[in-house]
Amino acid sequence: MPKQKFFTAARAMCFFSAIVLTIGSVMSFNHTPRLHTIFPKPEITIFIINAISAALCYYLVIKPSNFFIQALIIYIQAITTTLTGFETLGTFLYESAIVLCFCNGFFKTYIKLKITVLILIWLLVLVGFGYTVIYNNPERGKSLLVLECALTIFFFSFYFYIYKKLESLLKVLVPAKKVQFSNLNLPQPGSVINLNKYGLSERQIKLTMEYLQTEDNYETLSKKFFISKSTVKKDMSEVFNKFGVSNVNELHLLLLQYIVKE
């Protein structure tokens, strides 16, 4: 069985996030905030928020698959940075967290309710930001609030543009209609599909996941899993039978429609 890669994109993101938040914690502890904020005793409050966020990021380096904690950290940091005068960074982080939620299937259920809640939260943040900038600079505060609202709309339109661009590029990879080679009760395209629900052995699941991720041939797979090439062929043939396909290309085309998990 192949070793799981430790250095992944998710762990790299969490590790460097932890470094940034550690530095932010030290800076917030040693420096008086440059702005009056709605946070009580901000030199202590912001330090605690950053320190807890950094600790959670270090935890995610070990367990990077915890999407809830990932999103929670980004939302908290987005709100904190916006309300302490770093509105551009905060807006970027908040809408980046929405993109992260979207990519992890958060909006597949109760989409209207969830979007409404996120909009209401951000409106409250804008109210807090407006109070902060107007208190610190009555002459320019209103202009800064208008600019922040414009930034919110800009970042949203930018991410939406990227989404539509990727959608058009990826359409060539995903069949226009649901591809089904058998009478298996498969979920709707775009849903999560768990291979362990289809009577596959642990090794068959690992082989299938490895192929989907790398598209290695049978010989390469046999070396990775320390088994013979004939064993790989036998296992994959059983996978084909389970899903009612004839070969590895048909299997790939079928599973391409789903978010495949073990």
Side-chain angles (χ1 to χ4, degrees), residues 9-10 13-14 17 21 37-39 45-46 48-50 52-53 55-57 59-60 63-84 86-133 145-171 174 176-178 185-194 197 256-262:
M13 178 191 71
C14 296
S17 297
L21 288 168
T37 74
I38 64 173
F39 290 106
T45 306
I46 296 170
I48 293 173
I49 291 172
N50 286 338
I52 292 174
S53 297
L56 289 173
C57 282
Y59 167 77
L60 287 173
K63 299 284 186 181
S65 59
N66 195 317
F67 154 71
F68 174 78
I69 295 180
Q70 289 179 10
L72 182 64
I73 293 170
I74 299 175
Y75 279 123
I76 289 173
Q77 286 299 312
I79 294 170
T80 304
T81 52
T82 301
L83 294 178
T84 51
F86 300 96
E87 63 277 5
T88 302
L89 176 60
T91 308
F92 168 77
L93 288 173
Y94 195 83
E95 300 201 18
S96 295
I98 294 176
V99 173
L100 179 65
C101 289
F102 177 81
C103 292
N104 282 273
F106 179 72
F107 294 110
K108 286 184 178 178
T109 58
Y110 305 107
I111 180 171
K112 291 182 179 179
L113 175 62
K114 291 173 180 177
I115 289 177
T116 301
V117 170
L118 289 173
I119 290 174
L120 289 176
I121 291 173
W122 191 245
L123 288 175
L124 290 174
V125 173
L126 291 179
V127 171
F129 173 77
Y131 166 77
T132 299
V133 293
L145 179 58
V146 171
L147 177 61
E148 170 58 17
C149 292
L151 277 171
T152 299
I153 297 171
F154 164 72
F155 278 121
F156 175 81
S157 62
F158 176 77
Y159 283 127
F160 185 70
Y161 164 74
I162 294 297
Y163 166 75
K164 298 303 290 185
K165 193 74 174 176
L166 289 174
E167 184 182 48
S168 63
L169 291 172
L170 293 175
K171 272 183 179 178
V174 181
K177 296 181 179 179
K178 183 177 179 180
N185 185 23
L186 296 174
Q188 289 298 312
S191 305
V192 173
I193 185 170
N194 297 99
K197 293 182 178 180
L256 188 64
Q257 302 172 98
Y258 305 101
I259 302 169
V260 183
K261 294 189 176 180
E262 297 184 15

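For the atom pair OG1 of Thr81 and CZ of Phe92, the computed distance is 11.0 Å after rounding to the nearest 0.5 Å. The distance from atom CD1 of Ile153 to atom CD of Glu148, rounded to the nearest 0.5 Å, is 10.5 Å. Here the CD atom belonging to Glu262 is positioned 10.0 Å from the CG atom belonging to Asn194, to the nearest 0.5 angstrom. Expressed to the nearest 0.5 Å, how far CG of Leu151 lies from OG1 of Thr88 amounts to 5.0 Å. Put simply, CG on Leu147 and OG1 on Thr152 are 9.5 Å apart, with the number rounded to the nearest 0.5 Å. Phe39 contributes atom CZ, which lies 5.0 Å from atom CG of Leu83 (distance to the nearest 0.5 angstrom).
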Side chains of residues 72-79: which donor-acceptor partners sit under 3.5 Å, not counting sequence neighbours?
residue, atom, partner, partner atom, Å
Gln77, NE2, Asn50, OD1, 3.2
Gln77, NE2, Ser53, OG, 3.1

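The two residues Tyr159 and Glu95 come nearest to each other via the heavy atoms CE1-CB, 3.7 Å. When all heavy atoms of Ile98 and Leu118 are compared, the pair lying nearest together is CG1-CD1, 4.2 Å. Shortest non-hydrogen contact noted between Ile38 and Gly128 is CG2-O, 4.3 Å.
For residues 106-129, every residue pair satisfying the ring pair (Phe, Tyr, Trp, His ring centres under 6.0 Å) rule, not counting sequence neighbours, is listed here: Tyr94-Trp122.
With ring centers used as reference points, Phe102 lies under 6.0 Å from Tyr163.
With contacts defined as side-chain heavy-atom distances shorter than 4.5 Å, the pair Ser96/Phe155 does not qualify. At a threshold of 4.5 Å between non-hydrogen side-chain atoms, the residues Leu123 and Val127 do not count as touching. The shortest side-chain heavy-atom distance between Leu124 and Leu120 does not fall under the 4.5 Å cut-off.
Ring geometry for Phe158 against Tyr161 counts as tilted: the plane angle lies between 30° and 60°, on a 0 to 90° scale.
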